[in-house]
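Because the structure is a prediction, the values reported are computed rather than measured. Each chain gets a letter, A, B and so on, in the order the sequences are listed, and its residues count up from 1.
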There are 2 protein chains.
Amino acid sequence: MNGKPSHDHSGLLAQVREKLPREELFRELAGLYSIFADPTRVKLLYALWESEMCVCALTELSGLSQSAVSHQLRTLRESNLVKARREGKQVYYALADAHVRMIIEMGFEHLTEDRQEETGR
Amino acid sequence: MNGKPSHDHSGLLAQVREKLPREELFRELAGLYSIFADPTRVKLLYALWESEMCVCALTELSGLSQSAVSHQLRTLRESNLVKARREGKQVYYALADAHVRMIIEMGFEHLTEDRQEETGR
DNA sequence: CGTTCATATGTTTATTTGCTCATATATTAG
DNA sequence: CTAATATATGAGCAAATAAACATATGAACG
């Protein structure tokens with residue numbers, strides 16, 4: 001194996017291991033965050049924050065192709081972050097719940113507060 | 001162009017466009033979230049949540065190679081999510097600030113609450 | 001000094017992923 | 001039914017990336 005260490009931290013390790021959740025949860029968490037890890041999706045989510053919108057409008061707004069938007073909306077749908085509602089030819093998308101807003105908001109806050117901290121360096 | 005739509009939503013579009021932040025912010029947001037978008041990094045962050053730890057301990061804990069851990073720690077360092085402190089041969093890592101905790105916590109809450117909601121479907 | 005332990009880093013590889021292009025489905029109108 | 005509009009989807013490609021592997025740096029110690 002790579003670097004089996006010799007200095008002792010078995011006590012700490014055992015203690016931390018106890019508190020760690022099951023491996024699966026880390027994968028799920030990463031999966032959740034990876035949805036927000038793309039500028040296009042973040043923008044779509046942010047737009048939907050303001051108002052429910054049809055694919056057509058989201059396409060114009062994003063400046064991407066309709067296909068690209070549809071693909072991303074699918075990702076968002078399958079993650080239960082947005083919900084779709086058909087009305088005639090159009091399909092209207094909206095945020096699924098308040099959680100999405102909170103997660104985005106957390107990120108915004110972190111970014112802005114970071115900036116304040118970093119001015120002090 | 002792809003699908004220049006004909007039905008009207010220019011009013012809504014203009015309104016939403018006004019509220020959208022500059023493009024750059026979406027990229028930054030996505031950048032921030034993409035750090036949490038990997039199971040290994042989430043696990044490392046979660047472990048550091050419990051306690052400051054040296055690379056050696058983190059390597060054992062994660063089950064990955066020392067190299068892999070070091071690479072990920074670098075990513076976390078460069079994003080200002082963790083800070084490093086040298087003490088003799090070892091380097092100890094710790095969470096940079098409370099924000100990291102909050103962001104992870106948000107994710108956890110979303111996952112668990114989602115599960116409750118989904119039982120009703 | 002040279003050796004050993006702890007960590008960092010450059011390179012390569014395999015996988016993932018976001019987009020484009022072409023095409024399919026769905027709804028409404030004629 | 002056929003045409004037109006709105007949206008969805010499958011395939012392929014190019015860019016991003018996480019891990020392996022080899023190697024470099026850095027600290028303590030003889």
Side-chain angles (χ1 to χ4, degrees), chain A residues 1-9 12-13 26-27 30-45 48 52-79 82-94, chain B residues 1-9 13 26-27 30-31 33-45 48 52-79 82-94:
Chain A
M1 264 214 192
N2 212 327
K4 264 298 182 208
S6 54
H7 89 265
D8 186 47
H9 37 40
L12 177 59
L13 262 183
F26 293 123
R27 300 185 56 82
L32 173 63
Y33 285 118
S34 59
I35 298 164
F36 295 86
D38 176 76
T40 298
R41 283 192 295 267
V42 173
K43 189 173 182 180
L44 291 177
L45 289 172
L48 291 176
E52 176 191 64
M53 294 177 85
C54 64
V55 178
C56 187
L58 288 168
T59 298
E60 270 196 71
L61 194 75
S62 65
L64 295 179
S65 72
Q66 177 269 318
S67 174
V69 172
S70 241
H71 276 294
Q72 298 294 24
L73 285 175
R74 164 141 93 149
T75 301
L76 295 173
R77 235 186 308 130
E78 288 175 346
S79 318
V82 304
K83 55 190 174 189
R85 171 178 69 83
R86 177 144 230 155
E87 190 177 317
K89 279 186 266 188
Q90 281 95 313
V91 175
Y92 287 88
Y93 280 83
Chain B
M1 270 235 174
N2 211 327
K4 267 294 183 206
S6 55
H7 88 265
D8 185 46
H9 37 41
L13 262 183
F26 294 124
R27 299 186 55 81
Y33 285 119
S34 60
I35 298 163
F36 295 88
D38 176 76
T40 297
R41 285 193 294 267
V42 173
K43 188 173 183 178
L44 291 176
L45 288 172
L48 292 176
E52 177 191 63
M53 295 177 85
C54 65
V55 179
C56 186
L58 288 169
T59 298
E60 272 197 70
L61 196 73
S62 66
L64 294 179
S65 73
Q66 179 270 318
S67 173
V69 171
S70 240
H71 276 292
Q72 298 294 21
L73 286 174
R74 164 140 91 149
T75 302
L76 294 173
R77 233 187 310 131
E78 289 174 347
S79 318
V82 305
K83 53 190 174 186
R85 171 177 69 82
R86 176 142 231 157
E87 191 176 316
K89 279 185 268 188
Q90 281 94 316
V91 175
Y92 287 88
Y93 280 83

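Rounded to a whole Å, the CE atom of B:Met53 is 15 Å from the C1' atom of C:dA6. If you take CZ of A:Arg74 and P of D:dT7, they are 17 Å apart, rounded to a whole angstrom. Put simply, CD on B:Gln66 is 10 Å from C1' on C:dT9, counting in whole angstrom units.
A:Ser67 contributes a side-chain N or O that forms a donor-acceptor pair with the base of C:dC21 under 3.5 Å.
Comparing D:dA28, C:dG18, D:dT5 by their closest approach to the side chain of B:Lys89 singles out D:dA28.
For the pair B:Gln90 and D:dA27, the criterion of a side-chain N or O lying under 4.0 Å from OP1 or OP2 is not met. Between B:Ser65 and D:dA19 there is no side-chain N or O to OP1 or OP2 distance below 4.0 Å. Residue B:Arg77 places at least one side-chain N or O closer than 4.0 Å to OP1 or OP2 of C:dT9.
Among the heavy atoms of the strands lying under 4.0 Å from A:Tyr93 are primed sugar atoms or P, OP1, OP2 only; no base atom is included.
Between A:Tyr33 and B:Tyr33, the two ring planes are parallel [angle under 30°; tilted spans 30° to 60°].
Across the interface with DNA chain C, nearest-nucleotide mapping of A:Thr40 and A:Gly88 shows A:Thr40 to be the residue nearer the 5′ end.
Stacking between B:His71 and the base of C:dT9 is present: ring centres sit under 5.5 Å apart and the planes differ by under 30 degrees.
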